[in-house]
There are 4 protein chains.
Amino acid sequence: MKKESKTQEAIVEAAFALIGRHGLKNTSLSMIASEVGISKPAIYYYFSSKEELVDYLFHLVFDGHHFSAYFSIEEYTKKNFKKRLIADGIRYFEEYKHNSPALKVVHEFVLSAAHSPRYEKKLKAMVEHFLEGFDSLLSYGVELGVVSSENTSVNAHTLALIIDNLGNFMILGIEIDYKKIWETAVSNAMKGSETY
Amino acid sequence: MKKESKTQEAIVEAAFALIGRHGLKNTSLSMIASEVGISKPAIYYYFSSKEELVDYLFHLVFDGHHFSAYFSIEEYTKKNFKKRLIADGIRYFEEYKHNSPALKVVHEFVLSAAHSPRYEKKLKAMVEHFLEGFDSLLSYGVELGVVSSENTSVNAHTLALIIDNLGNFMILGIEIDYKKIWETAVSNAMKGSETY
Amino acid sequence: MKKESKTQEAIVEAAFALIGRHGLKNTSLSMIASEVGISKPAIYYYFSSKEELVDYLFHLVFDGHHFSAYFSIEEYTKKNFKKRLIADGIRYFEEYKHNSPALKVVHEFVLSAAHSPRYEKKLKAMVEHFLEGFDSLLSYGVELGVVSSENTSVNAHTLALIIDNLGNFMILGIEIDYKKIWETAVSNAMKGSETY
Amino acid sequence: MKKESKTQEAIVEAAFALIGRHGLKNTSLSMIASEVGISKPAIYYYFSSKEELVDYLFHLVFDGHHFSAYFSIEEYTKKNFKKRLIADGIRYFEEYKHNSPALKVVHEFVLSAAHSPRYEKKLKAMVEHFLEGFDSLLSYGVELGVVSSENTSVNAHTLALIIDNLGNFMILGIEIDYKKIWETAVSNAMKGSETY
DNA sequence: TATGAATGAGATTTCATTCAT
DNA sequence: GATGAATGAAATCTCATTCAT
């Protein structure tokens, strides 16, 4: 837990806010500096380049973005499984509603990964981490006897796909019944479903 | 329907390719001009600003991105409904695999939409158009008697959410069983599913 | 003979003058631009970077700096050999007196070669070219029978060393009898000289 | 003779090494500080500006660069004159071969002198000091009867010119017969040489 | 239709320097 | 004696845009 100076914190916070608002490329060090109320070179005292600042934000964001931060498998029981999964999911994507700068920056990274090999690998790893998270969770449900053993993996990935995109839709301000969609998805995933 | 000159076509094509590869902000008019083999000011003969060129691409992309271009409701029958829906969906997201410039540019616009009110509305409209497309399709399935009448709307939106994100995952190169996921999603959507 | 625009010529000329006066590192594109009376980016229309501009000057300077430009061996005869060699040498280093920007820039390159591998090789080649030039000239003198055949190479190199440094001393404004020194050096070189 | 602290010595040494390697303008206080392992402002405790540090180096270098440091006239005798002069000269320019930081810095100052009136005078003085040194030495040789009394001054200056440039050529890595050239030059200077 | 030439604005970055502690 | 924190000035370079031709 390295101690950050007030200024460094302010830089990071301003960067988050501005990148969330204007995007990665549209946020200049000048903007950050003037938002914080310091001079441009002051940023270089804390980060040796814009790239390094962005990297720092990237890690800050993704290091806190673990599957287990939202879905703590060890607290799931036979009895609370469904309720818990539904509640955790809702908690997850409702964060988007509050428009937290961090989540907007995640969004920014996710989308810019398409033409930035720098982040592509990390991001892919993060998505795969979530896929595996749901895999483990459903497998545990199978053990508990509350989740169908058929197609577990496909169902897990479907949940990941849905919850991820619910966040994206929320950012866009699409009005759909988020909770019901998630509840239904969880139900389907648990009951298993034979294909045609 | 204004007639496009060869040069204009070339500009648009180059812009598509470059933006798909490097992103909106990282693609400069110089890059486009030199890709086409013309001078920078020549672009201004066809588009009065970079913004206008981007707008043009935006419309080009989204005007061709109709729900009905992929799912032609009038060809769905009681008998072929499921098969058809599965097949059309697969056709849709497999386009991503082929890396078509247009789709990459859609992705890019989604990115910009997050911090550009200019595109936000249009994009939202497009997403809603897809949501309604699936709504209509499933409603038609209800009429035909092949789709459960319960929760139709939620199921339709779930399909939209899934198919949209399958494309995103494909761009990232995530290896999951795309087809099986889609098949299962269609099955669930058609059979309806009571919630807990 | 590529046609240079007026502006390009002006840039090159200003660069010569300013680098001669302030040195390579102390001459900025801003200085050049404002000397020429154009904007900074205008320079980039002609040279894609400062490095390229400097390279251009480098070649301009050294491509005209051939041994044969000062000492045209084919005009040397048995009768005029000494007189000619003395006169050509004087003509060579007297150019320094007139303080031509180009010569100052040569000086700049020569000295900065010490920590710029970029120019080191080229410069070494140029110096060696002059060494060989004097070698050939004296050898020709041997053939003509006006130059001693002993130690020809050592004597040639001595001439090169002296004439080169006479220029440097002139730039510094050292007051010595340049002509007499050169005459004596030529005499010694021609007569040959046994070592102790 | 102010006492230098360990830190000051380290600063000076690092400055020597870095300036020798990268040049005056390319060596920043940051580089020096980090080479020494201290903070940037620490340098300001010892030198009130970069200019002052450079001045200090300048004097350090030139105060040790006396003619008499290499050629101690009082040890020359009728018998050892030539041998001694040759040997001292060789010792002088062979220092260049060992790449001593101090000599590289001299070279650097010569470079700066061309466009820095600050050093020009000092440097000129130093060169003149060497010219006079050889003048005195040869005059002493005349007194001893081992040096021709004709053209003594011209011959002295020629020696200065040659030995100075031998060092420059060495830095560039030019491969010539340094020793033979110097021996011959000494011979010629002592024997005197009538001009044409 | 198209280009050569040029520009203002602004981006990232480096440097010598200062000052309170 | 020495440092952490900060700054003004300036450097190189890019970009969208303009305009006469």
Side-chain angles (χ1 to χ4, degrees), chain A residues 3 5-8 10-11 25-34 36-54, chain B residues 5-8 11 25-34 36-54, chain C residues 3 5-8 10-11 25-34 36-54, chain D residues 5-8 10-11 25-33 36-54:
Chain A
K3 189 162 148 271
S5 83
K6 275 271 155 64
T7 306
Q8 181 170 167
I11 290 170
K25 280 290 282 188
N26 296 303
T27 301
S28 74
L29 296 185
S30 299
M31 289 162 75
I32 296 173
S34 88
V36 175
I38 56 175
S39 70
K40 248 181 300 175
I43 297 177
Y44 283 88
Y45 184 78
Y46 297 97
F47 302 96
S48 67
S49 66
K50 188 185 181 183
E51 203 177 355
E52 216 197 46
L53 167 56
V54 170
Chain B
S5 80
K6 273 272 156 64
T7 305
Q8 185 174 10
I11 291 170
K25 278 293 283 187
N26 297 306
T27 301
S28 73
L29 294 186
S30 301
M31 289 162 75
I32 296 172
S34 91
V36 175
I38 57 174
S39 72
K40 240 185 305 177
I43 298 177
Y44 284 86
Y45 183 79
Y46 298 98
F47 303 96
S48 68
S49 67
K50 188 185 183 184
E51 204 177 357
E52 214 199 45
L53 167 56
V54 171
Chain C
K3 191 165 146 269
S5 83
K6 274 272 155 65
T7 305
Q8 182 170 164
I11 291 170
K25 278 292 282 188
N26 295 304
T27 301
S28 73
L29 297 185
S30 299
M31 290 162 75
I32 296 173
S34 88
V36 175
I38 55 175
S39 69
K40 249 181 298 176
I43 296 176
Y44 285 88
Y45 185 78
Y46 297 97
F47 302 96
S48 66
S49 66
K50 188 185 181 181
E51 204 178 353
E52 213 197 48
L53 167 56
V54 171
Chain D
S5 80
K6 273 272 156 63
T7 305
Q8 185 174 10
I11 291 170
K25 278 293 283 187
N26 297 306
T27 301
S28 72
L29 295 186
S30 301
M31 288 163 75
I32 296 172
V36 176
I38 57 174
S39 70
K40 242 185 305 176
I43 297 176
Y44 284 86
Y45 183 80
Y46 298 98
F47 303 95
S48 67
S49 67
K50 188 185 182 184
E51 204 177 357
E52 213 198 47
L53 167 56
V54 170

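Naming: A, B, ... by sequence-line order, numbering from 1 per chain.
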What are the two closest non-hydrogen atoms of C/Ser30 and C/Lys40, and how far apart are they?
OG-CD, 3.3 Å
Is any side-chain heavy atom of B/Val36 closer than 4.5 Å to one of B/Ile43?
no
Could you tell me if B/Tyr45 and B/Thr7 have a donor-acceptor pair between their side chains, going purely by distance under 3.5 Å?
no
Between E/dT12 and A/Ser49, is there an OP1 or OP2 to side-chain N/O distance shorter than 4.0 Å?
no
Taking OP1 and OP2 of E/dA11, is either one under 4.0 Å from a side-chain nitrogen or oxygen of A/Ser30?
yes
With sequence neighbours left out, the residues meeting ring pair (Phe, Tyr, Trp, His ring centres under 6.0 Å) with C/Phe47 are C/Tyr56
Between B/Ser48 and C/Leu29, just flag the one whose closest nucleotide in DNA chain F comes earlier from the 5' side.
C/Leu29
Contacts of C/Ser49 meeting side chain to side chain contact (heavy atoms under 4.5 Å, CB included) (sequence neighbours excluded), chain-then-number -> C/Glu51, C/Glu52
Footprint ends on DNA chain F, 5' to 3', for atoms under 4.0 angstrom from a heavy atom of chain D, come out as F/dG1 to F/dA5
Shortest non-hydrogen separation from A/Met31 to A/Asn26 and the atoms involved
SD-O, 3.2 Å
Grab the two heavy atoms, one from B/Thr27 and one from B/Lys50, that are nearest each other, plus how far apart they are.
O-NZ, 2.8 Å
Residues which pass side chain to side chain contact (heavy atoms under 4.5 Å, CB included) with D/Ala42, listed by chain and number, not counting sequence neighbours
D/Ile38, D/Ser39
Is the shortest heavy-atom distance from the side chain of A/Leu29 to the side chain of A/Tyr44 under 4.5 Å?
yes
Nearest-angstrom distance from the residue atom CG of A/Leu53 to P of E/dA11:
15 Å
Note, DNA chain F 5' to 3' with Watson-Crick or G-U pairs under 3.5 Å encoded as ( ), [ ], | and . gives .||||||||||||||||||||
Would you say the side-chain atoms of A/Ser34 pair up with the backbone N or O of A/Gly37, donor to acceptor, closer than 3.5 Å?
no
Can you sort out which residues in residues 37-46 of chain C have a heavy atom within less than 4.0 Å of DNA chain E? Ascending by number, please.
C/Ile38, C/Ser39, C/Pro41, C/Ala42, C/Tyr45, C/Tyr46
